[in-house]
Amino acid sequence: MQHLKLKSEWPIRASECRALQNQLADQVKLRPHRGVIRWIGGVDVGFPGRGRQTLAALTLLNADTLALEYSARAVLPTRMAYIPGLLSFRELPAVLEALACLPVAPDLLMVDGQGIAHPRGIGTASHLGLVSGIPAIGVGKSRLVGTFDAPDQVGKACRMYHNGVHIGYVLKSRARANPLFISPGHGIDPDQALDWVRYTLTGYRLPKPTRLADFLSRDRLR
DNA sequence: GCGACAG
DNA sequence: ATCTTGTCGC
């Protein structure tokens with residue numbers, strides 16, 4: 001919808017990106033989500049061709065059965081280098097393109113990356129939630145910011161803090177695997193974010209929506 | 001100045 | 001993230 005506008009307003013300079021983040025961070029809402037969720041979207045982004053291309057992979061699962069029903073991909077030339085804290089500016093253009101290709105709009109997005117567990121409180125999941133208007137959860141595979149105690153047993157989650165604020169959870173989703181970093185992105189609260197991730201775990205380290213999107217991003221979906 | 005640092 | 005196969009361990 002707002003893509004046409006996107007190209008002209010999308011910042012590339014690091015200083016401009018940070019300035020925009022500070023501005024957008026105030027709009028992030030973490031109030032509890034209300035309403036029925038029928039479709040869960042999974043988002044992952046790859047950078048094939050030694051990073052020259054940006055490939056966004058999106059999966060859409062039935063929230064009741066967790067069956068994969070739709071998927072979409074979009075490839076764009078990579079515009080920006082990877083800079084810790086500015087990942088959303090590198091990934092989102094392709095993600096928004098893929099999102100527009102889905103036949104049904106997701107009611108919830110699970111993103112490979114952080115939500116508010118970010119230096120300025122606006123990681124990729126928060127940024128995507130804001131610009132898409134869809135509730136979003138960040139499911140990171142490693143830490144960007146935050147302090148926490150390591151969860152020792154499978155299924156256990158420990159609260160994660162940053163500057164005294166509860167920003168999410170560290171969840172041990174599988175034995176002998178590094179924990180997941182769960183943080184709300186936008187339109188949902190920390191506990192609901194954790195609940196949805198737990199609900200979509202199917203015996204693997206990553207929740208099904210993101211796991212399938214990861215396969216899709218590298219042509220391994222089957 | 002030094003160390004940390006999503007994907 | 002990407003470049004890349006088989007292999008060791010739980």
Side-chain angles (χ1 to χ4, degrees), chain A residues 10 12 14-15 17-18 20-21 24-25 28 41-59 73-98 109-131 136-148 152-154 160-163 165 167-186 190 193 197 203-207 209-220:
Chain A
W10 204 251
I12 295 300
S15 58
C17 292
R18 293 193 183 91
L20 180 55
Q21 287 182 322
L24 292 177
V28 172
V43 181
D44 186 45
V45 180
F47 299 89
R50 290 180 175 181
R52 280 186 268 276
Q53 291 184 307
T54 301
L55 191 166
L58 223 148
T59 57
R73 305 206 308 175
V75 181
L76 290 180
T78 301
R79 300 186 190 183
M80 200 182 148
Y82 166 69
I83 300 173
L86 303 183
L87 184 61
S88 64
F89 294 93
R90 178 172 158 89
E91 299 189 333
L92 293 191
V95 173
L96 295 175
E97 189 111 338
L109 291 169
M110 291 186 48
V111 184
D112 189 333
Q114 313 294 337
I116 61 170
H118 175 279
R120 288 166 292 283
I122 179 161
T124 304
S126 298
H127 198 164
L128 177 57
L130 271 180
V131 303
I137 298 171
V139 183
K141 298 186 294 298
S142 62
R143 188 198 82 107
L144 175 57
V145 297
T147 58
F148 57 92
D152 33 32
Q153 36 188 305
V154 175
M160 178 165 57
Y161 294 89
H162 184 53
N163 295 328
V165 179
I167 55 173
Y169 293 91
V170 177
L171 170 68
K172 188 150 190 74
S173 56
R174 188 180 180 174
R176 300 179 299 280
N178 291 324
L180 258 28
F181 296 76
I182 314 301
S183 60
H186 177 65
V197 170
Y204 300 97
R205 183 192 180 209
L206 299 179
T210 303
R211 176 179 155 78
L212 294 185
D214 181 54
F215 287 151
L216 180 61
S217 75
R218 61 190 73 192
D219 295 304
R220 290 280 188 277

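- Partners of A/Arg18 by salt bridge (charged side-chain N to carboxylate O under 4.0 Å, His left out), not counting sequence neighbours: none found.
- Distance A/Leu86 CG to B/dC5 P: 16 Å, rounded to the nearest Å.
- We find the CZ-CG distance between A/Arg120 and A/Leu86 to be 6.0 Å, quoted to the nearest 0.5 Å.
- Residue A/Tyr82 is in base contact, counting any heavy-atom pair closer than 4.0 Å across all strands shown.
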### Message
Go through it in stages, so that I can follow the logic: the residues are A/Arg211 and A/Val139, the test is side-chain contact (heavy atoms from CB on, under 4.5 Å), and I'd like the CA-CA distance, side-chain angles, deciding distance and then a yes or no.
### Response
CA-CA 11 Å; A/Arg211 176 179 155 78; A/Val139 183; over 6 Å; no

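- Listed nucleotides: B/dG7, B/dA6, B/dA4. Nearest to the side chain of A/Glu91: B/dG7.
- Residue-level contact check: A/Gly85 touches the bases, meaning some heavy atom is under 4.0 Å from a base atom.
- The ring of A/Phe181 does not lie on top of the base of B/dA6; it is either too far (5.5 Å or more) or too tilted (30° or more).
- Take A/Tyr169 and apply the ring pair (Phe, Tyr, Trp, His ring centres under 6.0 Å) test, not counting sequence neighbours, and it matches A/His166.
- The phosphate of B/dA6 (OP1 or OP2) has no side-chain N or O of A/Lys141 nearer than 4.0 angstrom.
- Rounded to a whole Å, the CG atom of A/Leu128 is 14 Å from the C1' atom of B/dA6.
- Residues passing the ring pair (Phe, Tyr, Trp, His ring centres under 6.0 Å) test with A/Phe47, sequence neighbours excluded: none.
- From the 5' end on, the contacts that DNA chain C makes with chain A at under 4.0 Å to a non-hydrogen atom open and close at C/dA1 to C/dC10.
- If you check every strand for non-hydrogen atoms under 4.0 Å, A/Arg218 touches sugar and phosphate atoms only.
- At a threshold of 4.0 angstrom between heavy atoms, the contacts of A/Arg143 are confined to the sugar-phosphate backbone, with no base atom among them.
- Taking CD1 of A/Ile122 as the reference point, atom CD of A/Gln21 lies at 6.0 Å (rounded to 0.5 Å).
- Taking A/Asp112 as the reference, A/Lys141 meet the salt bridge (charged side-chain N to carboxylate O under 4.0 Å, His left out) condition, with sequence neighbours excluded.
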Going by atom type alone, with no hydrogens or angles, which donor-acceptor pairs under 3.5 Å involve a side-chain atom of residues 173-180 of chain A and a protein atom two or more places apart or on another chain?
unit_1   : atom_1 : unit_2   : atom_2 : d
A/Ser173 : OG     : A/Arg205 : O      : 2.7

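- Residues satisfying the side-chain contact (heavy atoms from CB on, under 4.5 Å) test with A/Ala56, not counting sequence neighbours, are A/Val45, A/Ala94, A/Val95, A/Ala98.
- For the pair A/Leu206 CG and B/dG7 P, the computed distance is 10 Å after rounding to whole Å.
- Across all strands shown, A/Leu92 has no heavy atoms under 4.0 Å from either base or sugar-phosphate atoms.
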### Message
For Watson-Crick and G-U wobble pairs within 3.5 Å on both distances, what is DNA chain C written in dot-bracket notation, | included for inter-strand pairing?
### Response
..........

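- Partners of A/Pro84 under the side-chain contact (heavy atoms from CB on, under 4.5 Å) rule, at least two apart in sequence or in another chain, are A/Tyr82.
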### Task
Treat a base pair as Watson-Crick or G-U wobble with both distances under 3.5 Å, then lay out DNA chain B in dot-bracket form, 5' to 3', with | for cross-strand pairs.
.......

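- A/His186 is linked by a ring pair (Phe, Tyr, Trp, His ring centres under 6.0 Å) to nothing, counting only residues two or more places apart in sequence or in another chain.
- With A/Gln114 contributing its side chain and A/Ser142 its backbone, the two residues share a donor-acceptor pair below 3.5 Å.
- Note: A/Phe181 and A/Phe148 have perpendicular aromatic rings, judged against thresholds of 30 and 60 degrees for the angle between ring planes.
- With a 6.0 Å radius and a threshold of 12 heavy atoms from other residues, nucleotides or ligands, A/Tyr161 has its OH atom above the threshold.
- Both A/Ser217 and A/Arg176 lie near DNA chain C, and the one whose nearest nucleotide falls closer to the 5' end is A/Ser217.
- Only A/Asp112, A/Gln114, A/His118, A/Gly123, listed by number, bring a heavy atom of residues 112-123 of chain A to less than 4.0 angstrom from any atom of DNA chain B.
- Checking the phosphate oxygens (OP1, OP2) of B/dG7, a side-chain nitrogen or oxygen of A/Ser142 falls inside 4.0 Å.
- Regarding A/Arg90, its CZ atom lies at a distance of 19 Å from the P atom of B/dC5, rounded to whole Å.
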